[in-house]
Protein chains: 2
Amino acid sequence: MSAETRHERLYHELRNRICMLDYPPGEKLGEEALAAEFGVSRTPLRRVLGRLADEGLVEARHGVGTIVTDVDAREMGQVYALREELAQLSGTLTPAPVTSATIAEVRRFIHSCEMLAEAPDRRAFARFNMDWFAFTQGLIGNEALAEVSERLHFRTTRIWLQAIGRLDLNAEIAAFREEIRQVATALEAGDMAAVGMIRRAHVSMSYRRLSAVM
Amino acid sequence: MSAETRHERLYHELRNRICMLDYPPGEKLGEEALAAEFGVSRTPLRRVLGRLADEGLVEARHGVGTIVTDVDAREMGQVYALREELAQLSGTLTPAPVTSATIAEVRRFIHSCEMLAEAPDRRAFARFNMDWFAFTQGLIGNEALAEVSERLHFRTTRIWLQAIGRLDLNAEIAAFREEIRQVATALEAGDMAAVGMIRRAHVSMSYRRLSAVM
DNA sequence: CCACGTCAGGATGTACACATCTTGCGAACA
DNA sequence: TGTTCGCAAGATGTGTACATCCTGACGTGG
């Protein structure tokens, strides 16, 4: 396996663990321990941690450890304000073409969201959130926009899971289902601008619900 | 000096060299040579090159070297489409307050742009472009937006300098002066939304002029 | 003369030993 | 008994030797 492939794999693995709160904010990630787990030496692992540090997910403190960062309210507000705009832009900035495969996929999301509603579970919700995000990324035709969206998404989704204890999980899943249904309708109409508007609306409402409990 | 400070210093230095075309696309950056120049070993230098690679400014090829990347037309089109939108957003997304110091500074930019018009010079133009960008960054109140703007700016400004041989330098400087004057007017009126619109317009026109010669 | 295999040179990638820094425990002293 | 100093342990940062890999030059055989 090439070095770059392995780097990418480790990066995504650690990013997922951080964003799924397997490593909650404040957690110390020992370089040696992680290197041993993945079967590499500290050197390539530090390359991965450096990238995570550049993106603000961890913070390396000399003599102390590599700490998972927290997200403060002010930063979250700014990021969400921008994410709202970007969600809308994803519908107008050279969107990807809608195919029948896209429609089929969004239908599967409706189904699995209803499954989730029948058996609410925090971790399953987190997983679903991740999958849905990956799907929406596929709708973006502008690579620069997709890259920026991804960066901001992973910078802030943790807050969501952290706060979910204070939120009504069933209500969140219901809101999710509503978003997916609306997006499905817009996709079937082939109206990507409408998709962008819908997603913007739901980003906004999500943030409102989140702010209320923080 | 702390390790992080030095890292930041080297990062900005190399990024500037790349974006000022001191290292043109295709140039090989030898790790050992750079490490010797900056008086460090390869290890911390590789940390810097890794960050530049993550941002797409260089590409490390095993056994070959670390190569300064080029920017292809398609990518440039997508980035500029997004930069247009972000320029406009910078006027509406919690803009920074306008102070008398801001007004004074933009006046100085008008002056130095006129100096530049009297003695057109490619490198001075590049320098001026960098300084003006730094100033506009200060007008952005949303940190996330500022970070994204910076990333995209440094990803693509090189194209500008590469093409300037095929552009009319005097016309470019004139367009620049026009933008700055208009921004000054809007700033004096305290209308940040207008500043955003003006900057968007000039990003758009810049791209049109650039596309015409590539 | 061309095609191809071989190999040497030099570059990045990796591993490890050591330097440096922070923290907390514990002993000594007021 | 409380406080303070010192130090040991453990973490990240750095330097260096070595592994791995690409490229181009060279030589050889057709």
Side-chain angles (χ1 to χ4, degrees), chain A residues 1-18 21-71 155, chain B residues 1-15 17-19 21-71 155:
Chain A
M1 182 198 349
S2 79
E4 189 181 338
T5 302
R6 182 180 63 182
H7 171 79
E8 217 65 25
R9 200 166 50 89
L10 294 186
Y11 168 74
H12 284 106
E13 176 64 28
L14 288 181
R15 192 178 66 173
N16 264 341
R17 290 185 186 181
I18 291 170
L21 295 188
D22 294 332
Y23 299 143
E27 178 95 347
K28 191 187 71 177
L29 307 183
E31 296 182 351
E32 205 130 9
L34 285 177
E37 175 186 345
F38 293 122
V40 297
S41 82
R42 278 181 60 212
T43 307
L45 188 88
R46 279 175 59 80
R47 168 85 175 82
V48 176
L49 290 178
R51 183 170 168 190
L52 291 170
D54 289 335
E55 303 193 348
L57 295 182
V58 303
E59 184 183 355
R61 297 182 193 170
H62 191 180
V64 181
T66 301
I67 312 293
V68 176
T69 58
D70 206 344
V71 188
R155 184 82 181 83
Chain B
M1 180 200 348
S2 79
E4 190 181 337
T5 302
R6 182 181 63 181
H7 171 79
E8 217 66 26
R9 200 165 51 88
L10 294 186
Y11 168 73
H12 284 106
E13 176 64 26
L14 287 182
R15 192 178 66 174
R17 290 184 187 182
I18 291 171
C19 293
L21 295 189
D22 294 332
Y23 298 144
E27 178 96 347
K28 191 187 71 179
L29 307 183
E31 297 182 350
E32 205 130 8
L34 285 177
E37 174 185 345
F38 293 122
V40 298
S41 82
R42 279 181 60 209
T43 308
L45 186 89
R46 280 176 57 80
R47 168 86 174 80
V48 176
L49 290 179
R51 184 171 166 189
L52 291 170
D54 290 336
E55 303 193 348
L57 295 182
V58 302
E59 185 182 354
R61 297 183 194 171
H62 190 180
V64 181
T66 301
I67 312 294
V68 176
T69 58
D70 206 345
V71 188
R155 184 82 182 82

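Order of the sequence lines fixes the chain letters, A, B, ..., with proteins taken first and strands second; residue numbering starts at 1 for each chain.
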Problem set entry | Sidechain-backbone polar pair: A:R155 side chain, A:G56 backbone, donor-acceptor under 3.5 Å | yes
For this session: Could you list the residues that satisfy salt bridge (Lys or Arg N to Asp or Glu O under 4.0 Å) with B:R6, not counting sequence neighbours?
Result: none
Problem set entry | Between D:dA11 (C1') and A:L49 (CG): distance, integer Å | 13 Å
Exercise. Say you draw a straight line from OG1 of B:T5 to CG of B:L10; how long is it, rounded to the nearest 0.5 Å?
Worked result: 11.0 Å
Problem set entry | Nucleotide D:dG15, atom C1' - distance to CZ of A:R46 in whole Å | 12 Å
Dump every N/O contact between nucleotides 18-20 of chain D and the protein below 3.5 Å, one line per pair.
residue: D:dT20; atom: O2; partner: B:H62; partner atom: NE2; Å: 2.9

Exercise. Quick one: B:F38 CZ to D:dT14 P, roughly how many Å, whole number?
Worked result: 15 Å
Seminar exercise, completed: DNA chain C nearest-nucleotide lookup for A:V64 and A:P44: closer to the 5′ end is A:P44
Problem set entry | Strand DNA chain C in bracket notation, Watson-Crick/G-U under 3.5 Å with | for pairs to another chain | ||||||||||||||||||||||||||||||
Seminar exercise, completed: Residue set satisfying salt bridge (Lys or Arg N to Asp or Glu O under 4.0 Å) with B:E4, at least two apart, ordered chain then number -> none
Problem set entry | Distance (rounded to the nearest 0.5 Å) between B:I18 CD1 and B:L52 CG | 5.0 Å
Exercise. Is B:R9 paired with B:E13 through a side-chain N to carboxylate O contact shorter than 4.0 Å?
Worked result: no
For this session: Respond yes when some side-chain nitrogen or oxygen of A:T66 is under 4.0 Å from OP1 or OP2 of D:dT12, and no when none is.
Result: yes
Problem set entry | Between C1' of D:dT12 and CZ of B:R6, the distance in whole Å | 13 Å
Exercise. Do the side chain of A:T66 and the main chain of A:E59 share a donor and acceptor less than 3.5 angstrom apart?
Worked result: no
Exercise. Sequence neighbours excluded, which residues qualify as salt bridge (Lys or Arg N to Asp or Glu O under 4.0 Å) partners of A:D70?
Worked result: none
For this session: Spell out, as yes or no, whether a donor-acceptor pair under 3.5 Å connects the side chain of B:R46 to the backbone of B:E31.
Result: no
Problem set entry | Option passing salt bridge (charged side-chain N to carboxylate O under 4.0 Å, His left out) with A:E8 (candidates A:R47, A:R51, A:R15) | A:R51
For this session: Taking the side chain as every heavy atom from C-beta outward, state whether A:L14 and A:F38 have any pair of such atoms under 4.5 Å apart.
Result: yes
Problem set entry | 5' to 3' contact window, DNA chain C with chain A (heavy-atom distance under 4.0 Å) | C:dG13 to C:dT22
For this session: Scan B:L29 against the nucleic acid and name what it touches under 4.0 Å (heavy atoms): base, sugar-phosphate only, or nothing.
Result: sugar-phosphate
Problem set entry | B:R47 CZ - D:dT12 C1' separation (whole Å) | 12 Å
Exercise. Between atom NZ in A:K28 and atom P in D:dG10, what is the gap in whole Å?
Worked result: 10 Å
For this session: Figure out the CD/P separation between A:E32 and D:dT12, and round it to whole Å.
Result: 9 Å
Exercise. Any side-chain N or O of B:T43 under 4.0 Å from OP1/OP2 of D:dT14?
Worked result: no
